[in-house]
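Data block below; observations after.
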Amino acid sequence: MFGKLGAPEIVLLLVVTVLLFGAKRLPGIARSLGQSLRIIKSETSALRETGPADTTSSAQTAHGLRLVPDDARAGADTGDR
């Protein structure tokens, strides 16, 4: 189905995209898409290097994410309000 995309189809898709999102928003959309693809690429390469057992620690260090264990969240919800 998608193997037969030629130049006219690609041009049509680009025209429809410009009409839907507008020319001003396209650079921001492309930038976000590029950042997402870079993150996916780095995570998959880290997964290949370290293996599936170490995925949470690589995600924590690679993108500055702080994961909170379930025990800590449960203790934080018991405060007096």
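Remember, predicted model here, so these are calculated numbers, not experimental data.
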Only pairs under 3.5 Å count here: list side-chain donor-acceptor contacts from residues 20-33, not counting sequence neighbours, and write none if there are none.
unit_1	atom_1	unit_2	atom_2	d
Ser32	OG	Gly28	O	3.1

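- Alongside Val15, the hydrophobic cluster contains Val11, Leu19 (criterion: ILVMFWY side chains under 4.5 Å).
- Put simply, Val18 and Val16 are part of the same group of oily side chains (I, L, V, M, F, W, Y) that touch within less than 4.5 Å, one to the next.
- A pairwise comparison of heavy atoms in Ser42 and Ile39 identifies OG-O, 2.9 Å as the closest pair.
- For the side-chain contact (heavy atoms from CB on, under 4.5 Å) test, residues two or more places apart in sequence or in another chain that qualify with Arg38 are Gln35.
- Remark: Ser45 pairs with no residue by the side-chain contact (heavy atoms from CB on, under 4.5 Å) rule, at least two apart or across chains.
- Closest heavy-atom contact between Glu9 and Leu5: CB-CD2, 3.6 Å.
- Other residues sharing a hydrophobic cluster with Leu13 under the 4.5 Å side-chain heavy-atom criterion for ILVMFWY residues do not exist; the residue is a singleton.
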